Protein chains: 2
Amino acid sequence: MTTASTSATRWLTDEEQHVWRAYLHATTLLEDHLDRQLQRDAGMPHIYYGLLVQLSQAPRRRMRMTELARNVKITRSRLSHAIARLEKNGWVRREECPSDKRGQNAVLTDDGYAMLSRSAPGHVDAVRQAMFDRLTPEQVRSLGDIMRVIAGGLEPEGTDADLPWLR
Amino acid sequence: MTTASTSATRWLTDEEQHVWRAYLHATTLLEDHLDRQLQRDAGMPHIYYGLLVQLSQAPRRRMRMTELARNVKITRSRLSHAIARLEKNGWVRREECPSDKRGQNAVLTDDGYAMLSRSAPGHVDAVRQAMFDRLTPEQVRSLGDIMRVIAGGLEPEGTDADLPWLR
DNA sequence: GACCTTTTCTTGAAAGTTTAACTAGATAGG
DNA sequence: CCTATCTAGTTAAACTTTCAAGAAAAGGTC
């Protein structure tokens with residue numbers, strides 16, 4: 001008796017299915033919740049807010065496009081569109097990179113910084129209420145470990161060092 | 001001396017910030033990964049695939065639009081558009097609800113079922129490789145607990161029983 | 001039954017994302 | 001230097017999602 005050459009699928013156990021479902025529910029509900037909260041209070045979706053936060057923490061509040069895209073895990077194309085929109089709002093502006101004429105820096109404007117300062121407390125509250133205020137300290141630690149493991153498995157870095165970092 | 005009426009923001013601790021960042025990275029990387037996997041192997045984004053899975057598990061492979069939307073946590077509007085697209089692909093068809101003339105049932109077609117059968121193994125593998133094969137059994141259990149807590153806090157059900165379930 | 005409200009689902013336009021193609025500048029090899 | 005290749009970033013078009021508005025049936029209430 002030979003077994004099939006294509007190995008049989010290892011389906012999810014009942015528990016795994018429940019965990020997976022819970023994961024999908026929680027992550028989509030949370031993303032929706034924060035998108036709405038920020039759309040209402042800051043006039044932009046969550047990912048755009050994340051871009052401003054990145055810039056606010058970068059030296060001189062500016063960053064190369066590619067690095068910014070890598071940090072928030074989006075494609076360069078998506079970032080181009082996003083920055084164009086944020087530029088229209090006056091929260092970011094583009095600036096040529098002195099050392100590499102192909103390059104662009106995205107720069108957080110004073111208006112952008114002001115709007116971040118205004119909306120950050122509300123956003124932190126939302127994150128707290130949805131996540132940290134509901135979990136025990138052990139759960140927070142555990143969640144961190146788990147998320148780092150998952151992210152680590154999906155980061156291109158490591159094995160395929162010279163592949164484009166996304167796609 | 002009265003204290004300020006607006007309570008001071010409770011910022012995130014260092015650990016919380018790291019956990020939050022890890023959460024954002026892991027969830028966006030995983031969602032991107034599965035979207036690409038399914039776009040390649042099944043010709044649709046992850047959420048659409050989830051709709052077909054729901055239908056495949058429902059009695060008689062059909063479900064009312066609103067219930068389907070609630071199950072996968074998307075708005076009715078989004079579902080309408082999504083079902084329209086899946087209908088064009090021939091994987092779902094609409095059917096009037098006999099008991100409520102406003103209602104529609106989304107029905108998984110045989111083609112839809114066949115395509116699910118074809119792509120399910122690859123998708124389960126992807127989920128396994130990204131998540132379950134990397135976590136210890138305790139971590140899987142813990143992740144389930146954590147995600148249920150978070151989802152529970154965001155579910156409209158409970159307090160606001162008569163609010164629309166989303167938005 | 002007439003009236004008002006709620007629920008179900010759809011629609012069209014605006015906003016955001018993806019995909020593939022493309023421009024321009026950097027880099028490496030000969 | 002010249003050419004091939006790679007990298008940074010943008011763009012156009014197709015697709016998806018959101019938002020606001022609306023049609024139609026159901027469910028009260030008097």
Side-chain angles (χ1 to χ4, degrees), chain A residues 28 31-40 42-51 63-89 92-106 161-167, chain B residues 28 31-40 43-51 63-70 72-89 92-106 156 160-167:
Chain A
T28 64
E31 184 58 16
D32 266 24
H33 183 67
L34 295 182
D35 261 344
R36 281 192 223 307
Q37 184 264 317
L38 284 170
Q39 193 70 57
R40 177 166 45 75
M44 62 188 136
H46 187 202
I47 193 107
Y48 286 38
Y49 184 88
L51 293 174
M63 203 182 286
R64 283 292 291 273
M65 295 291 278
T66 296
E67 192 190 351
L68 183 49
R70 180 168 34 233
N71 283 3
V72 294
K73 264 84 188 166
I74 62 177
T75 61
R76 292 208 228 41
S77 170
R78 189 173 172 183
L79 179 63
S80 265
H81 291 294
I83 293 293
R85 197 271 219 187
L86 291 172
E87 225 172 356
K88 265 191 211 159
N89 284 293
V92 169
R93 77 186 141 73
R94 285 177 223 243
E95 181 187 78
E96 305 219 327
C97 176
S99 58
D100 185 339
K101 279 173 191 163
R102 295 167 305 179
Q104 294 276 107
N105 278 315
D162 61 348
L163 275 183
W165 52 272
L166 199 65
R167 163 184 348 258
Chain B
T28 64
E31 184 59 16
D32 266 24
H33 183 66
L34 295 182
D35 262 345
R36 278 189 225 302
Q37 185 264 316
L38 284 170
Q39 193 69 56
R40 179 166 44 75
M44 62 188 136
H46 187 200
I47 192 110
Y48 287 39
Y49 184 88
L51 294 173
M63 203 181 286
R64 283 291 291 275
M65 295 290 278
T66 295
E67 192 189 351
L68 183 49
R70 181 167 33 233
V72 294
K73 265 82 189 164
I74 62 176
T75 61
R76 293 211 228 41
S77 169
R78 187 173 173 183
L79 180 63
S80 264
H81 290 295
I83 293 293
R85 197 271 219 186
L86 291 171
E87 225 171 356
K88 266 190 208 158
N89 285 292
V92 169
R93 78 186 141 73
R94 284 178 223 244
E95 182 186 79
E96 306 218 326
C97 175
S99 57
D100 185 338
K101 278 171 193 164
R102 295 167 305 179
Q104 293 275 108
N105 278 316
D160 297 318
D162 62 346
L163 275 184
W165 52 272
L166 200 66
R167 161 183 346 261

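Quantities reported herein were computed from a predicted structural model and do not represent experimental measurements.
Annotation for B:P45 and B:R85: closest pair CD-NH2, 4.0 Å, computed over non-hydrogen atoms. When all heavy atoms of B:D32 and A:K73 are compared, the pair lying nearest together is OD2-O, 4.2 Å. When all heavy atoms of A:E31 and A:H46 are compared, the pair lying nearest together is OE1-ND1, 3.3 Å. Closest approach of A:A106 to A:L68, counting heavy atoms only: CB-CD2, 4.1 Å.
Residue whose closest nucleotide on DNA chain C sits further toward the 5' end, between A:S99 and A:M44: A:M44. The residue among B:Q39 and A:Q39 whose nearest nucleotide of DNA chain D is located toward the 5' end is B:Q39.
Rounded to whole angstrom, the span from the CG atom of B:L86 across to the C1' atom of C:dT10 amounts to 16 Å. A:E96 has its CD atom 13 Å from the C1' atom of D:dA8, to the nearest Å. Rounding to whole angstrom units, NE2 of residue B:H46 and P of D:dT16 are separated by 15 Å. The nearest whole Å value for the distance from the CZ atom in A:R78 to the P atom in C:dA15 is 17 Å. To the nearest angstrom, P of D:dA8 lies 17 Å from NZ of A:K101. Note: CE (A:M63) to C1' (D:dA8) measures 16 Å, nearest angstrom. Put simply, OH on A:Y49 is 17 Å from P on C:dG16, counting in whole angstrom units. Here the P atom of nucleotide C:dC9 and the CG atom of B:L51 are 14 Å apart, to the nearest Å.
Inter-residue side-chain proximity for B:I83 and B:M65 is flagged as met; some heavy-atom pair is nearer than 4.5 Å. The shortest side-chain heavy-atom distance between A:M63 and A:N71 falls under the 4.5 Å cut-off. No side-chain heavy atom of B:L79 sits less than 4.5 Å from a side-chain heavy atom of B:V72. Using a 4.5 Å heavy-atom threshold, the side chains of B:R64 and B:Q104 count as separate.
Residue contacts shown for A:D100 are limited to sugar-phosphate atoms, with no base heavy atom under 4.0 Å away.
Proximity of B:R85 to the phosphate of D:dT16: a side-chain N or O atom is located under 4.0 Å from OP1 or OP2.
The salt bridge (charged side-chain N to carboxylate O under 4.0 Å, His left out) test applied to A:R78 returns no partner, not counting sequence neighbours.
Rounded to 10 degrees, the angle between the two end axes of the helix from C:dG1-D:dC30 to C:dG30-D:dC1 is 20°, with five pairs used at each end.
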> Quick one: what's the B/S/- string for nucleotides 9-14 of chain D, heavy-atom cutoff under 4.0 Å, read 5' to 3'?
Replying inline: BBBB--
